[in-house]
Protein chains: 2
Amino acid sequence: MAETDDAVVDAQDDLAAAVLRPLRAHHAFESCVEMLATSIRLGIYPDGSTLPPERELAERMGVSRSTLREAIGALRDAGLLTTRRGRGGGSVVEFHPVEPGASTTLERPREELLDALEFRRIVEPGAAHAAATRTLSASQIELLQASLERVSSAAGKAVHRQADAQFHLAIASLSESPLLIDAVTNVQVRLHEMLGAIPVLDRNIDHSRQQHAAIVEAILAGDATKARRVMESHCDDTAALLRGLM
Amino acid sequence: MAETDDAVVDAQDDLAAAVLRPLRAHHAFESCVEMLATSIRLGIYPDGSTLPPERELAERMGVSRSTLREAIGALRDAGLLTTRRGRGGGSVVEFHPVEPGASTTLERPREELLDALEFRRIVEPGAAHAAATRTLSASQIELLQASLERVSSAAGKAVHRQADAQFHLAIASLSESPLLIDAVTNVQVRLHEMLGAIPVLDRNIDHSRQQHAAIVEAILAGDATKARRVMESHCDDTAALLRGLM
DNA sequence: GCCTTAAGGTCTGGTATCGAACCTTATCGG
DNA sequence: CCGATAAGGTTCGATACCAGACCTTAAGGC
């Protein structure tokens, strides 16, 4: 009995470890760079577009303008942006997607990536379910269809990856739940990194297209169960692909 | 058409807002106090128990020892713990659960709480599903049953609330997914605050007990679908109760 | 009864970040 | 053509936080 008691105590320590999670990832500056670079890589600010003004960005990211400016400077040095002064100026995205790819190595530990896949299998189907449950506004329906259209007609793998991430983010945004949107964003960022590091076949993309269409259909039809089921399959397929190739 | 285009653009701005989320909640010190206070309130460090040594705590929370010590000092001032020096010393929890309750007002905005309920409805059933899917070690089974036992036999509402939170955390911990555990922890913290602010009836608790037992049974039987379904009902019931009383 | 050890307590220098004011540049409207 | 305005650029003091070394207290073991 002592053994099992000890085991329970050990597991309870794990509980403590869970609640006492580390707060504050790294330096604000680094997180800032990462966040902006991610936004650009995900195509949220496409090539040629202008970032919001510094003061606004700083406020949205909860960071002082000085810190934000350092981050922007780093991105400028990295060749991701150019900056123009004066009215109508700003930081303009200069993004050249690396189509050949596959030369980048993963920086996060492998377990963290596997964890993201597991978590994704819960939150994204959940998001699809939630989206199908609520009644959507006209603009939300419009966004959903536009996202589907974009990911369907995307030419080139890098562009497709961007459109795919935005498609999934769009579904999450339909829920209007900040926590859920945040979770999906996190997961998509990690996923985007992983997908950039492996070769993706055309037939995988075709398969995704069909699943995407089915998900949108189910959401618009209000069939929450089906939306979740299809999204689960979709996540499982991507996860299987990634686990196999990493 | 211009209208719908504008709508899509607006929705895309929302995407940007989602990715550019604020990093670094507040000051490290405040978050530290909150995290420790939460751990104590959730009963992870019960009355009379000793917190881990400062150096260890600081490392686990990713914070310098100075900052952690300030946080501990604040909790000491608040009467939540006492500190003894020397070997075998440490910070001892002095927690007096406020059984009468209901005098505390909610600090977080209402929408944030509703969001937590919605998010919970996704992650906790997901956790139950995941737990039922994997094969559990002996100590994990032991923890699960011990948690169920504790929440079943809890006398008094405050004690029950603690045991309930730990029960749900235990299920999440079975998944061994840090992201999932983190999500559930977050949700449980908010839930705990809410439940502390409303009167809970005995019949609600009885109903919970039955659901808890059914969830554990389904997890141990490996019936993932059932585990998820029951957990969904459980979350829905709690959510309905809370939405009605807030 | 000493010595080791495991804790908390204290001090110090360094740095990241904040914030807020102010300057400079460029565009737009009259 | 000239002011208003919307951007980026600069500077500076205040402060939160960190990393580490060191001191003090109390228990346990030989």
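Per chain, numbering begins at 1; letters A, B, ... match sequence-line order.
Straight-line distance from the NE2 atom of B/H26 to the C1' atom of D/dC17: 17 Å, rounded to whole Å. When the P atom of C/dT15 is taken as reference, atom CD of A/E70 falls 14 Å away, rounded to whole Å. Computed from coordinates, the B/H27 NE2 to C/dG19 P distance equals 7 Å when rounded to whole Å. When rounded to the nearest whole Å, the span between CG of B/L51 and P of C/dG8 equals 9 Å. Between A/R55 atom CZ and D/dT5 atom C1' the separation is 12 Å, expressed in whole Å. Residue B/E30 contributes atom CD, which lies 8 Å from atom P of D/dC17 at whole-angstrom precision. A/R65 places its CZ atom 9 Å from the C1' atom of D/dT10, with the value rounded to the nearest Å. Here C/dT25 presents its P atom at 16 Å from CD of A/E54, a figure rounded to the nearest Å.
When the nucleotides C/dG9, D/dG9, C/dC18 are ranked by their closest atom to the side chain of A/S64, C/dC18 comes out on top. Taking the side chain of B/R87 as heavy atoms from C-beta on, and the options C/dG8, C/dT27, C/dT5, the nearest nucleotide is C/dT5. Residue B/A28 has its side chain nearest to D/dC17 when only D/dC17, D/dG9, C/dG8 are considered. Closest contact between the side chain of B/R69 and the listed nucleotides D/dG9, C/dG9, D/dA16 involves C/dG9. Here the nucleotide nearest the side chain of B/S66, chosen from C/dG8, D/dA6, D/dC18, is D/dC18. Taking the side chain of B/T83 as heavy atoms from C-beta on, and the options C/dG8, D/dC17, D/dA7, the nearest nucleotide is C/dG8. The side chain of A/V63 sits closest to C/dC18 out of C/dG9, D/dG9, C/dC18. Side chain of A/R85, nearest nucleotide from D/dC17, C/dA16, C/dT24: C/dT24.
Between A/I44 and A/L169 the shortest side-chain heavy-atom distance falls below 4.5 Å. A/V216 has its side chain within reach of A/F167: a pair of non-hydrogen atoms, C-beta onward, lies under 4.5 Å apart. Contact annotation: the side chain of A/L113 never approaches that of A/L242 to less than 4.5 Å [non-hydrogen atoms, C-beta and beyond].
Residues A/L68 and A/G86 each lie close to DNA chain C; by heavy-atom proximity, the contact nearer the 5' end of the strand is made by A/L68.
A donor and an acceptor atom, one from each side chain of A/T185 and B/R21, are nowhere located under 3.5 Å apart.
The 12-atom threshold is exceeded at CD of B/E54, counting heavy atoms of other residues, nucleotides or ligands nearer than 6.0 Å.
Side-chain N/O atoms of B/T67 include one lying less than 4.0 angstrom from OP1 or OP2 on D/dC18.
Backbone-only contact: A/G90 has heavy atoms under 4.0 Å from sugar-phosphate atoms and none from a base. Within the 4.0 angstrom heavy-atom criterion, only backbone atoms of the sugar-phosphate kind lie near A/R84; the bases stay farther away.
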